[in-house]
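Take a look at the structure below.
Atoms within each ligand, like the ligands themselves, are counted from 1 in listed order. Treat the numbers as computed from the prediction; the structure is a model and nothing was measured.
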Amino acid sequence: MKLPNMLDAKKRDKNKEVINYKYENVKIDKTLVGKKYFVRTYGCQMNEHDGERIKGILSNQGLIETEEMKEADLIILNTCAIRENAHDKVFGFMGLIKKMKEDRPDLLVGICGCMAQEESVVDVIMSKYKYVDFVFGTHNIDNMINVINERVKSNKQNIEVYSINGNVCEDMPVRRDSKYTAWVDIIYGCDKFCTYCIVPYTRGTQRSRKREDIISEVEKLKEEGYKEVTLLGQNVNAYGKDLYSDYTLANLLRDVSKTNIDRIRFVTSHPWDFTEDMINAISECDNVMPYVHLPIQSGSNRILKLMGRRYTKEEYLTLYNKIREKVKGVSITTDIIVGFPSESEEDFEETLDIVNTCKFDGAYTFIFSPREGTPASKLEDNTPISVKEERLQRLNKLVNQYSNLSNKNEVGKIHKCLVLGLSEKDDSKYMGYTENMKLVNIESEEDIIGKIVDVEIETAKSFSLDGVYKK
Ligand code: SAH
Ligand code: SF4
Ligand code: F3S
């Protein structure tokens with residue numbers, strides 16, 4: 001039993017070395033071999049990739065994945081803590097789980113991911129959700145089997161969460177969701193401590209994987225037939241800072257590019273760490289895709305300062321324009337928070353202004369959600385929720401106008417698309433992504449799944465394009 005502690009999670013010990021170790025195979029309790037498991041993931045791409053590792057470890061132990069929760073003997077909820085509604089989804093689900101446990105007392109239920117790293121959540125699990133069998137955190141996925149075994153042996157709720165800087169574990173088994181596109185972690189954790197954000201508390205300190213480990217993973221993926229890798233981190237632009245004196249994301253992009261994998265993407269970029277050399281690397285390497293997700297959060301310098309974002313809107317704009325100028329055909333998307341404590345109508349209008357200036361290809365917009373233990377959760381917040389909701393609607397209207405415009409600009413052009421499968425809305429069509437990350441529903445006579453093909457764009461919708469495969 002080990003419980004999370006938010007004060008420890010906040011500490012950053014610069015002298016403490018990050019331990020880089022290899023995954024150690026531990027055998028699961030033999031009563032579970034051959035049983036069915038179900039994993040549900042709630043969070044960001046890094047969380048999704050963690051889910052793929054959880055599945056990899058379980059499958060490696062002889063358990064069988066099922067998509068049907070009802071038939072599972074083991075259910076794991078891989079949670080997200082970024083906003084209250086992420087919490088609500090998981091707690092909402094717990095009612096159903098409780099009923100399932102009543103009918104089938106042998107069912108094992110575990111919670112992991114970012115919520116598991118929160119003290120208050122674990123308190124609630126211990127007091128209200130006693131039927132949750134085990135909890136592990138983001139720092140000990142590699143130890144999951146031991147956590148489960150301990151629960152089986154003791155027959156008691158087992159909670160094992162560490163609030164530590166974090167280490168780097170290599171060679172964990174992974175069961176990837178796609179055969180063509182793969183996530184590759186390059187940097188874990190975050191040291192930015194934006195005042196609203198829980199991630200530095202749930203994911204530990206910023207720590208890079210060794211470049212040779214990343215490159216050999218990409219080489220292996222290429223051999224296995226993967227067409228695309230997405231390099232992942234809460235802030236990929238900080239890559240290497242903790243590990244090397246002169247090796248950055250720019251160097252890594254160039255080296256990963258040399259593997260000749262067809263497509264390389266990277267998310268997310270913090271504007272603060274974005275150097276000219278990185279822009280050059282993106283524009284020089286043909287297989288580095290022209291797509292940048294560059295969260296701005298607000299257009300008001302006063303709010304940006306309160307958020308601890310470390311840039312002004314002018315600095316953001318300079319960077320934004322440089323990327324637009326240098327990277328041919330680039331798409332730039334962003335994240336925006338409305339209703340940050342003390343945000344006035346004028347502050348909000350500055351956000352609308354910057355959206356009008358940048359004309360983003362897309363934007364993810366959120367209402368500020370106070371997170372446990374973060375500085376922003378302690379700020380006075382007088383804006384009524386109805387005003388925040390109204391601001392969000394105004395913002396969304398504007399943002400959609402520009403994503404529409406950006407989609408319309410693609411009509412008549414031929415785009416290279418990586419086709420990932422059948423279209424979700426219409427299974428007589430295929431779906432894929434352009435180099436600049438636009439979703440396209442594609443008409444084709446022949447099966448083009450898993451291929452990179454030329455597609456002529458015929459019509460633009462708000463969030464997707466329609467096109468025809470050109471032989
Ligand atoms: N590492 C990424 C962001 C990860 S979280 C970055 O720095 O860009 C994704 C987005 O969720 C953030 O960009 C932010 O817009 C939003 N977000 C984070 N914390 C939030 C909070 N407390 N309330 C509302 N939105 C939040
Ligand atoms: Fe959160 Fe800021 Fe780190 Fe992004 S950079 S994960 S918003 S603290
Ligand atoms: Fe959520 Fe944790 Fe990702 S809080 S957004 S799952 S890092």
With heavy atoms under 4.0 Å as the rule, classify the contact between Met46 and ligand 3 as side chain, backbone, both or neither.
neither

What atoms of ligand 1 come closer than 4.0 angstrom to any heavy atom of Arg371?
22 (N)

Measure His293 to ligand 1 on non-hydrogen atoms and call it side chain, backbone, both or neither using the 4.0 Å cut-off.
neither

Ligand 1 contacted by Ile367 (non-hydrogen, < 4.0 Å):
yes

Closest approach of any protein heavy atom to atom 14 (C) of ligand 1, naming residue and atom
Gln297 OE1, 3.4 Å

If you measure every N/O of Thr268 against every N/O of ligand 1, is any gap under 3.5 Å?
no

Please identify which atoms of ligand 3 are closer than 4.0 Å to at least one heavy atom of Cys114.
2 (Fe), 4 (S), 6 (S), 7 (S)

Using a 4.0 Å heavy-atom cut-off, say whether Tyr196 meets ligand 2 through its side chain, its backbone, both or neither.
side chain

Is Asn167 reaching over with its side chain to a backbone N or O of Ile19, donor-acceptor style, under 3.5 angstrom?
yes

Are Tyr291 and Asp361 close enough that a side-chain donor and a side-chain acceptor fall under 3.5 Å?
no

among protein heavy atoms, the one nearest atom 9 (C) of ligand 1 is Asp335 OD2, 3.6 Å

Please determine if atom 2 (Fe) of ligand 2 has an N/O/S atom from Cys190 lying under 2.8 Å away.
no

I'd like to check Asn78 versus Glu48 (side-chain heavy atoms, cut-off strictly below 4.5 Å). Are they in contact?
no

Which of the ligand 3 atoms, numbered from 1, are nearer than 4.0 Å to a heavy atom of Cys80:
1 (Fe), 4 (S), 5 (S), 6 (S)

Heavy-atom contacts under 4.0 Å between Pro200 and ligand 2: side chain, backbone, both, or neither?
side chain

Treating Ser377 as the side-chain partner and Arg371 as the backbone partner, does any N or O pair qualify as donor plus acceptor under 3.5 Å?
yes

Of all the atoms in ligand 2, which lie at a distance below 4.0 Å from a heavy atom belonging to Gln234?
6 (S)

Hey, does the side chain of Ser257 reach the backbone of Asn287 with a donor-acceptor pair shorter than 3.5 angstrom?
no

Could you tell me, atom by atom, which parts of ligand 3 come under 4.0 Å of a heavy atom of Ala81?
1 (Fe), 4 (S)

Verify salt bridge (Lys or Arg N to Asp or Glu O under 4.0 Å) between Arg203 and Asp50, making sure each step is shown before the conclusion.
CA-CA 12 Å; Arg203 294 263 164 185; Asp50 286 345; 2.8 Å; yes

Minimum heavy-atom distance Arg40-Phe38, with the two atoms named
CB-CE2, 3.9 Å

Counting heavy atoms under 4.0 Å, the part of Asn235 that contacts ligand 2 is neither

Counting only heavy atoms not in Tyr244, do more than 12 fall under 6.0 Å of its OH?
yes

Would you mind running through ligand 3 and noting each atom that sits below 4.0 Å from a heavy atom of Cys44?
3 (Fe), 5 (S), 6 (S), 7 (S)

Under 4.0 Å to a heavy atom of Arg309 - the qualifying atoms of ligand 2, by number
2 (Fe), 7 (S)

What residue and heavy atom of the protein are closest to atom 19 (N) of ligand 1, and at what distance?
Tyr196 CD1, 3.3 Å

Any atoms of ligand 1 less than 4.0 Å from a non-hydrogen atom of Gln234? List them with their elements.
1 (N), 2 (C), 3 (C), 4 (C), 6 (C)

Using modelled atom types only, decide if a donor and an acceptor are shared between the side chain of Asn85 and the backbone of Asp88 within a distance under 3.5 Å.
no

Is it true that the side chains of Asn407 and Lys438 contain a donor and an acceptor less than 3.5 Å apart?
yes

Shortest non-hydrogen contact from Val26 toward Ile145:
O-CG2, 3.6 Å

Minimal heavy-atom distance between Glu389 and Ile367, with the atoms involved, is CG-CD1, 3.7 Å

Heavy-atom donor-acceptor pair, Gln117 side chain to Thr138 backbone, under 3.5 Å
yes

Classify the contact between Met307 and ligand 1 as side chain, backbone, both or neither, using a heavy-atom distance cut-off of under 4.0 Å.
neither

Within ligand 1, which atoms have a heavy atom of Pro295 less than 4.0 Å away?
8 (O)

Does Lys10, at its NZ atom, have more than 12 non-hydrogen atoms belonging to other residues, nucleotides or ligands within less than 6.0 Å?
no

Proximal ligand 1 atoms for Phe368, defined as those under 4.0 Å from one of its heavy atoms
23 (N), 24 (C)

Is there a polar contact between ligand 1 and Asn235, counting only N or O atoms under 3.5 Å apart?
no

For Cys197, the atoms of ligand 2 under 4.0 Å from one of its heavy atoms are 1 (Fe), 6 (S), 7 (S), 8 (S)

I need the atoms of ligand 3 closer than 4.0 Å to a non-hydrogen atom of Gln234, numbered in the order shown.
3 (Fe), 7 (S)

Using heavy-atom distances only, which candidate in Cys194, Gly308, Ser269, Gly189 approaches atom 2 (Fe) of ligand 2 most closely?
Cys194

Using non-hydrogen atoms of the residue, decide whether Ile337 is closer than 4.0 angstrom to ligand 1.
yes

Please tell me whether Gln297 and Tyr196 have a donor and an acceptor in their side chains that are separated by less than 3.5 angstrom.
yes

Enumerated ligand 2 atoms positioned under 4.0 Å from heavy atoms of Lys192
3 (Fe), 5 (S)

For Cys194, is there any backbone N or O sitting under 3.5 Å from a side-chain donor or acceptor partner on Arg309?
no

Among all protein heavy atoms, pick out the one at the shortest distance from atom 5 (S) of ligand 1; state its residue, atom name and that distance to 0.1 Å.
Ile82 CD1, 3.5 Å

Does Met46 have a non-hydrogen atom less than 4.0 Å from ligand 1?
no

Numbered in order shown, the ligand 1 atoms found under 4.0 Å of a heavy atom of Arg83 are 11 (O), 16 (C), 17 (N), 23 (N), 24 (C), 25 (N), 26 (C)

May I ask you to check whether Asp273 and Asn235 show a side-chain donor-acceptor distance below 3.5 Å?
yes

Whether Arg203 lies under 4.0 Å from ligand 2, heavy atom:
no

Looking only at protein heavy atoms, what sits closest to atom 21 (C) of ligand 1 is Ser369 O, 3.6 Å

Decide whether an N or O pair under 3.5 Å exists between His270 and ligand 1.
no

Any side-chain donor near an acceptor of the partner, Asn301 and Thr312, under 3.5 Å
no

